[in-house]
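Heads up, the thing below is written out as structure tokens.
Hydrogens, waters and symmetry mates are skipped; everything else that's a heavy atom, side chains included, is used. Nothing here was measured: the structure is a model prediction, and the numbers come from that model. In what follows, every chain begins at residue 1, and chains take the letters A, B, ... in the order their sequences are listed.
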Amino acid sequence: MLDSQLLRKDLDAVTSQLARRGFQLDKPGFQALEDQRRQLQTRTQELQNQRNKQSKAIGQAKARGEDIQPLRDEVADLGDQLKQAEAKLRELQAVLNDTLMGIPNIPHESVPDGLDESANVEIRRWGDPTQFDFAVKDHVDLGTQLGQMDFETAAKLTGSRFAVMSNGIARLHRALTQFMLDLHTTEHGYVETYVPYLVNADSLRGTGQLPKFEEDLFKLQGEHEYYLIPTAEVPVTNIVRDVIIDDDYMPRKYVCHTPCFRSEAGSYGKDTRGMIRQHQFEKVELVRVVRAEDSYQALEELTANAEEVLKRLKLPYRLVALCAGDMGFSAAKTYDLEVWLPAQDTYREISSCSNFESFQARRMKARWRNPDTGKPELVHTLNGSGLAVGRTLVAVMENYQRADGSIEIPEVIRPYMGGMTEIKPS
RNA sequence: GGAGAGCUGGCUGAGUGGUCGAAAGCGGCGGUCUUGAAAACCGUUGACCCGCGAGGGUCCGGGGGUUCGAAUCCCUCGCUCUCCGCCA
């Protein structure tokens, strides 16, 4: 959510900055709502003031043992007037709030112009695309031929966009997760965190998935209004919702491994093969809660933390700065990490690292107490994948494949697999 | 699942429907004393909204209701705790 003060004071600037990401703000509409609100709020407060004064007078008169009936008659219809004004104001504020909740974040000045991914800007590359002297297979062929990846059985159990893994591949999948968690906790200073995989609507509103993107989520049936988490970002970031963090506990760095559930509505026909786009996948998520002035430095660090996973796995990748129009709703700036996938002969997203500035914090009322002023201030929140485990598995399988269809295990992962060096057919 | 008790400021915890945004204590901050610290003493100390300001308004778990007036009464939802039952 944007700062409503900013919208009031500088509507033109906000409108043009939002236009950079292709969002059209209804300026006259917003202005009209805002004017109405101001009028109604003043009027309501006047009435409240009147009521408070008169009620107090009644109380005092009663304490002195005077007859209060004349005073009561005076305020007879005040209550009705006030009730009406309050109801109208509430209605208007709800409309205004809905409008506000539907406005995306303002792109940071360093974000490149552009409305789609073609305008994204490559920042740097690491490693060279893996060379093979044989025809490469994709992870589906590799996994199926090893007898350790089974999409048909998954379709039987549930439906499309799910996977069953077994044996070495299943273990590799788990080992990658452990490796990432260990790296981020022991070397990058993140605190390992375990959270619920079901969240309520308030949490989803806090991080920006609701109200606009409900169709992307799996919602539970039953007495509770719970949703499956689409990313650990939601439960982890909401840890600081409605909290004023003590300065001693700033900044906060969380790492959290969870499954993620996404309906992938609207992605029909996209990445239908294999593990690239699943309804359920594992992710190790990095979340930071920092002071406003530190958030862009923190974004660079967090991105570097995610890159380190790829470096240790010796997977070639590139770093891309998303243009204004390609960023997610809540982000002020986003870097994507794209890993080299030989079978697709291209780089594919494996991590997305964003600074949300105060956009989520304002929705969540997440603040910290500034010792200099003694006042609570909104925090800045960031998150990034470190990394998406399913896609990392895909990248390892494809980049470490051999001519015979076996897969070499990256050195840093071997300790997590009891010293195994390769995966061969079951 | 059954029965009961709660939810008040950073924390603990008072609060007869009427100058209660809320006693008191702790903690924090500032000061006196001290070479310094501790102790003691004095002072100070919630958040949010509207307004240039003076000032006004809202907030006692969330929402709704009764009333001229609600922390206090009623309804509802959420959460916590205790006992019983069941259980990985």
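Less than 4.0 Å separates RNA chain B from at least one heavy atom of each of the following residues of residues 86-97 of chain A: A:R90.
For the pair A:R273 and A:D141, the salt-bridge criterion is met [side-chain N within less than 4.0 Å of a carboxylate O]. A salt bridge does not link A:K156 with A:E152: every distance from a Lys NZ or Arg NE/NH1/NH2 to an Asp or Glu carboxylate oxygen is 4.0 Å or more.
B:rU67 and B:rC73: their C1' atoms are spaced 10 Å apart (whole Å). Rounded to the nearest Å, the gap between the P atom of B:rC68 and that of B:rG56 is 25 Å. Spacing of P atoms, B:rC48 relative to B:rC11, comes out at 16 Å, to the nearest Å. Taking atom C1' on both nucleotides, B:rC29 is separated from B:rG78 by 36 Å, rounded to a whole Å. Comparing the same atom, C1', in B:rA5 and in B:rG31 gives a spacing of 45 Å after rounding to whole Å. Using P as the reference atom, B:rU19 and B:rA70 are 11 Å apart when rounded to the nearest Å. Across the C1' atoms, B:rC86 and B:rG15 are found 41 Å apart, a figure rounded to whole Å. For the P atoms, the distance linking B:rG18 with B:rC33 amounts to 46 Å, nearest Å.
Pairing for B:rA70 is absent, with no Watson-Crick or G-U wobble pair whose two atom distances lie under 3.5 Å. Nucleotide B:rG25 forms a Watson-Crick or G-U wobble pair with B:rC11, both donor-acceptor distances falling under 3.5 Å. Nucleotide B:rU32 is matched to B:rA40 when pairs are restricted to Watson-Crick or G-U wobble geometry with both distances under 3.5 angstrom. Pairing for B:rC83 is with B:rG2, a Watson-Crick or G-U wobble pair whose two hydrogen-bonding atom distances lie under 3.5 Å. Base-pair partner of B:rG46: B:rC59 (Watson-Crick or G-U wobble, both distances under 3.5 Å). Across all strands shown, B:rG53 has no partner, as no Watson-Crick or G-U wobble contact with both distances under 3.5 Å is found.
When all heavy atoms of A:Y197 and A:H257 are compared, the pair lying nearest together is OH-O, 4.1 Å.
Within the nucleic acid shown, A:K83 comes within 4.0 Å of sugar-phosphate atoms alone, with no base atom in reach, counting heavy atoms only.
Put simply, the side chain of A:Q45 and the base of B:rG56 share a donor and an acceptor less than 3.5 Å apart.
With B:rA47, B:rU58, B:rC50 as the candidates, the nucleotide lying closest to the side chain of A:Q41 is B:rC50. Listed nucleotides: B:rG46, B:rU58, B:rC48. Nearest to the side chain of A:Q48: B:rU58. Checking B:rG57, B:rG18, B:rA47 against every side-chain atom of A:N49, the shortest atom distance belongs to B:rG57. Relative to the side chain of A:R8, the nucleotides B:rG18, B:rC48, B:rC50 differ in distance, and B:rC50 lies closest. Of the listed nucleotides (B:rA47, B:rG51, B:rU58), B:rG51 has the atom at the smallest distance from the side chain of A:R38. In this structure, the nucleotide among B:rU19, B:rG69, B:rC50 sitting nearest to the side chain of A:S55 is B:rG69.
Residue A:N52 is the one, among A:H224 and A:N52, whose nearest nucleotide of RNA chain B lies closer to the 5' end (criterion: closest heavy atom). Between A:Y226 and A:R51, the residue anchored closer to the 5' end of RNA chain B is A:R51, taking for each the nucleotide with the nearest heavy atom.
Partners of A:T381 according to the side chain to side chain donor-acceptor pair (under 3.5 Å) rule, which considers only residues two or more places apart in sequence or in another chain, are A:Q360.
Put simply, CG on A:L387 and OG1 on A:T392 are 4.5 Å apart, with the number rounded to the nearest 0.5 Å. Put simply, CG on A:D35 and CG on A:L40 are 12.0 Å apart, with the number rounded to the nearest 0.5 Å.
At least one donor-acceptor pair under 3.5 Å links the side chain of A:Q148 to the backbone N or O of A:I169. Under a 3.5 Å cut-off, the side chain of A:N200 and the backbone N or O of A:S203 do form a donor-acceptor pair.
Atom CG in A:D247 sits roughly 17 Å away from atom P in B:rG10 (whole-Å rounding). Rounding to whole angstrom units, CG of residue A:D202 and C1' of B:rG61 are separated by 13 Å.
Test A:R362, A:H108, A:K333 against A:E357 for side-chain contact (heavy atoms from CB on, under 4.5 Å) and you get one pass: A:H108.
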